[in-house]
There are 2 protein chains.
Amino acid sequence: MRDVADASGVSVKTVSRVVNGEPGVKPEVRDRVSAAAARLDYRHNLAASNLRRNAARTGVIGVLVQDVANSFSASLLRALEDAMRPHQMLLLAASLDETTAREQYIVENLISRRVDGLVLVPASARQDYLAPEIRRNFPIVFADRAPRGIDTDSVAIDHRLGGRMAVAHLLAHGHRRIAVLTDTETIATARDRRAGARDAFAAHGVEVPGDLVRSGVGSEELAGAAVNALRELPDPPTAIFSGRNTISKGVIRALTQRGERDSVAVVGFDDFPMSDVLGLSVIRQDVAQLGAAVGERLLARLSGDQSPPRHDLLSPQLIMRGSGEIPPSEISPPEPSA
Amino acid sequence: MRDVADASGVSVKTVSRVVNGEPGVKPEVRDRVSAAAARLDYRHNLAASNLRRNAARTGVIGVLVQDVANSFSASLLRALEDAMRPHQMLLLAASLDETTAREQYIVENLISRRVDGLVLVPASARQDYLAPEIRRNFPIVFADRAPRGIDTDSVAIDHRLGGRMAVAHLLAHGHRRIAVLTDTETIATARDRRAGARDAFAAHGVEVPGDLVRSGVGSEELAGAAVNALRELPDPPTAIFSGRNTISKGVIRALTQRGERDSVAVVGFDDFPMSDVLGLSVIRQDVAQLGAAVGERLLARLSGDQSPPRHDLLSPQLIMRGSGEIPPSEISPPEPSA
DNA sequence: AAAACCCCTGACAACGTTGTCACCGAGGGC
DNA sequence: GCCCTCGGTGACAACGTTGTCAGGGGTTTT
């Protein structure tokens, strides 16, 4: 900036005025400065600028998700970007891979960078470490999972309701031997979805088929293995509730290989690309809606909203595409009469 | 920082030393300062720090892709993140939506933020506006598309080869009426893929079926519409080369609705999640490999590599899953003998 | 005992920018 | 002709941090 000033024979302050488009500079001087800036390839330094304009915003928000390559996270990211774009804000995105340590490291790093806010799909079980930030009213919005150990805004899908809807749907179609495949116990959403499944059994007065409930199904491979194991049981499940999109993929792949796509009912949680073509019935969470709601909450906080934290729950939706409407297969032994 | 210094009775410089873990501070003092910092919720300001340590890195690289929600972009992002993670670098991600204006705006913004480098999947036709950055050796790596108007590193899939492979495969299975659906003319990759398709026709001495070549197919909906139109022709195509994953989705959806999934051959460009279950034959570009190569190039530049720009081409791979191996349907009128 | 050394610490300037204030000269009102 | 106003400009300090250098006190060397 000093160089530009020297080259155009004015003070640095005047260059600053030109660069920021402030009024009160003679057009002639303005042109001279602009020309010099262009000639010298001058690039405005936003970091220094923000440092000086003390209370100003950096125009960046941090987004921590599980894995930016996962369609859920990617859609969330995109919805947030769309929400932030009109406000000229950019996104610093990071994948956590369900790693608590990385979550804390990234959060700390982002705060040092003075991001204006955070969107967090937490990997950690508790987020007490954020207490100081909450105390000073730093905007943090939790997405898809509620905060624990602190209180701050969150927007999430009602996973429990979704799990309940899925299993209730299968029960309504006459299934009793329903397998429930969910991710690791430590993940709150997985717990909620399984709890919802249990709710549905209870509401229908059906005993939970304990031997068919599997948690810790954390990958496509594990899901496929689980399907194979379950279908080899003496009294195999006639329907499967798969608690996550990666699990659904493994389930469908395994069923396809076994030639059982048309005989075993499946309802998945999480829609994913092409599941319509696959005819997979799912509990759909509207990720775009989720992202938009999260963005809205964050923007409200950024513009000074001091109201108490809100915890919004969005209802998922059952999408019937065939796989969830398959009746119990006749191969399954008839239920003994009471 | 001054507050922490006052609270612990030392100078700001000593606080700086403690914060940065520099040696040469008495353990007792170090503890006192750390305690004060914790008590006052002190947060280190990386922006100011970087400003002072003049030539230092910000530890952020900008990544501009088409759409972070698209599986190609999302996977690229993830591969880059993995490449950068060991170097403690974070990613500022932005979606361009094939918009030239947004590309320039974001690039300018990121440069003002002093990102250490850029990864660009350009939306613009030419990138002359980057000339000053190239001149000062600012690290920019193009991904998936080569730069035009400037010369800098790029890593891309050989789209032309891929297009050729796809159509050659269909020709080898006896098809002659092969539809070629590609995205807008202005997108370089779409042009390359179509050119590859023409190469294949030429190499087989087959005349290009002009009435079946459609460009400007920019969405799933348009792809579906194109399929319907083409299949209603008096002499419909017996095979389809779909030049992009979104197009493939539209094609499959339309064929499914028409009940023609098993009678019309399809080879798609771009693998996407679940296409294996759909039995779709595709030209796969290894996005993870692409992202890793881009990351590697960028890291090399960041560590001072001054060699001339390189333009690497990665070969795509044909994955046969059934849809591309369907023979020409008999419904199609027999070719008139010569 | 003087000299040399080391450990620890702090004063100061500087990074690139902008807010504050003061200044200069031209024009307008009395 | 005097005072006031106002448009245009620049000097200076400050944002939060760290590199440089100097200094104080203790210990070791000669």
Side-chain angles (χ1 to χ4, degrees), chain A residues 1-38 40-60 108-116 136 138, chain B residues 1-38 40-60 108-116 136 138:
Chain A
M1 195 146 161
R2 192 194 316 276
D3 296 340
V4 176
D6 292 350
S8 45
V10 297
S11 73
V12 285
K13 177 62 205 183
T14 297
V15 177
S16 169
R17 275 190 261 259
V18 172
V19 168
N20 290 295
E22 287 176 30
V25 180
K26 260 200 262 187
E28 171 212 325
V29 176
R30 181 177 297 275
D31 292 345
R32 196 147 39 92
V33 172
S34 300
L40 298 177
D41 290 339
Y42 167 76
R43 297 283 175 260
H44 189 224
N45 186 329
L46 253 178
S49 177
N50 282 329
L51 182 60
R52 184 55 175 92
R53 315 189 214 255
N54 217 353
R57 298 271 170 73
T58 55
V60 176
E108 192 181 335
N109 190 304
L110 292 178
I111 288 174
S112 281
R113 293 180 188 282
R114 296 292 185 271
V115 295
D116 295 334
R136 64 184 171 95
F138 180 74
Chain B
M1 194 145 162
R2 193 195 314 277
D3 295 342
V4 176
D6 292 350
S8 46
V10 298
S11 72
V12 285
K13 178 61 205 185
T14 297
V15 176
S16 169
R17 275 190 261 260
V18 172
V19 169
N20 289 295
E22 288 175 28
V25 180
K26 260 201 261 185
E28 170 212 324
V29 175
R30 182 177 296 276
D31 293 346
R32 195 147 39 95
V33 171
S34 301
L40 298 177
D41 291 338
Y42 166 75
R43 297 282 175 260
H44 189 227
N45 186 329
L46 254 178
S49 177
N50 282 329
L51 181 60
R52 184 54 175 92
R53 313 189 216 255
N54 217 351
R57 299 272 168 72
T58 55
V60 176
E108 191 180 337
N109 190 304
L110 292 178
I111 288 174
S112 281
R113 291 178 189 283
R114 295 293 186 273
V115 294
D116 295 332
R136 65 184 170 94
F138 180 73

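Residue numbers begin at 1 in each chain, while the letters A, B, ... track the order of the sequences.
Summarising the geometry of B:Val115 relative to B:Phe138, their closest heavy-atom pair is O-CE1, 3.4 Å, with the distance given to 0.1 Å.
Contact check, B:Ser11 against C:dG10: a side-chain N or O comes under 4.0 Å of OP1 or OP2. Between C:dT17 and A:Ser16, no contact under 4.0 Å exists linking OP1 or OP2 to a side-chain N or O. OP1 and OP2 of D:dC15 both lie 4.0 Å or more from every side-chain N or O belonging to B:Asn45. Contact between the side-chain N/O atoms of B:Thr14 and the OP1/OP2 oxygens of C:dT9 is not found at any separation under 4.0 Å.
Distance, A:Asp3 CG to C:dC15 C1': 14 Å, rounded to whole Å. Note: CG (B:Asp6) to P (C:dT9) measures 17 Å, nearest angstrom. At whole-Å resolution of the value, CG in A:Asn50 and C1' in C:dG16 are 12 Å apart. Distance A:Met1 CE to C:dA14 P: 18 Å, rounded to the nearest Å. Look at CG on A:Leu51: it is 13 Å from C1' on C:dA14, rounded to the nearest Å.
At a threshold of 4.0 angstrom between heavy atoms, the contacts of B:Arg43 are confined to the sugar-phosphate backbone, with no base atom among them.
The backbone N or O of A:Arg30 lies less than 3.5 Å from a partner atom in the side chain of A:Ser34, making a donor-acceptor pair. A:Thr58 places a side-chain N or O within donor-acceptor distance of the main-chain N or O of A:Arg114, the cut-off being under 3.5 Å.
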Query raised in the report: Stepwise, does the side-chain contact (heavy atoms from CB on, under 4.5 Å) test hold for A:Val60 with A:Leu110?
Result: CA-CA 10 Å; A:Val60 176; A:Leu110 292 178; over 6 Å; no
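Across the helix from C:dA1-D:dT30 to C:dC30-D:dG1, the helix axis at one end is tilted relative to the axis at the other end by 50° (nearest 10 degrees, each axis from five pairs).
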Query - nucleotides 19-25 of chain C: protein proximity per nucleotide (B base, S sugar-phosphate only, - neither; heavy atom, under 4.0 Å) - result: B------
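A search for salt bridge (charged side-chain N to carboxylate O under 4.0 Å, His left out) contacts involving A:Asp31 returns nothing, not counting sequence neighbours. The side-chain hydrogen bond (donor to acceptor under 3.5 Å, both in side chains) search around A:Arg113 returns A:Asn109, not counting sequence neighbours. Every salt bridge (charged side-chain N to carboxylate O under 4.0 Å, His left out) that B:Arg136 has, sequence neighbours left out, goes to B:Glu133.
Put simply, CD on B:Glu108 and NE2 on A:His44 are 11.0 Å apart, with the number rounded to the nearest 0.5 Å. To the nearest 0.5 Å, atom CG of residue A:Asn50 and atom CG of residue B:Leu51 are 11.0 Å apart.
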Output one line per pair: protein atom, nucleotide atom from nucleotides 4-6 of chain C, and distance, for all N/O pairs under 3.5 Å.
none

Which pairs would a plain distance check flag for residues 3-10 of chain A, meaning a side-chain donor or acceptor within less than 3.5 Å of a matching protein atom at least two apart in sequence or in another chain?
from	atom 1	to	atom 2	distance (Å)
A:Ser8	OG	A:Val4	O	2.6

Show which side-chain atoms of residues 12-29 of chain B pair as donor or acceptor with protein atoms under 3.5 Å away, not counting sequence neighbours.
from	atom 1	to	atom 2	distance (Å)
B:Thr14	OG1	B:Ser11	OG	3.4
B:Asn20	OD1	B:Arg53	NH2	3.2
B:Asn20	ND2	B:Ser16	O	2.9

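Proximity of residues 24-34 of chain A to DNA chain C (heavy atom under 4.0 angstrom from any strand atom) is not detected for any residue.
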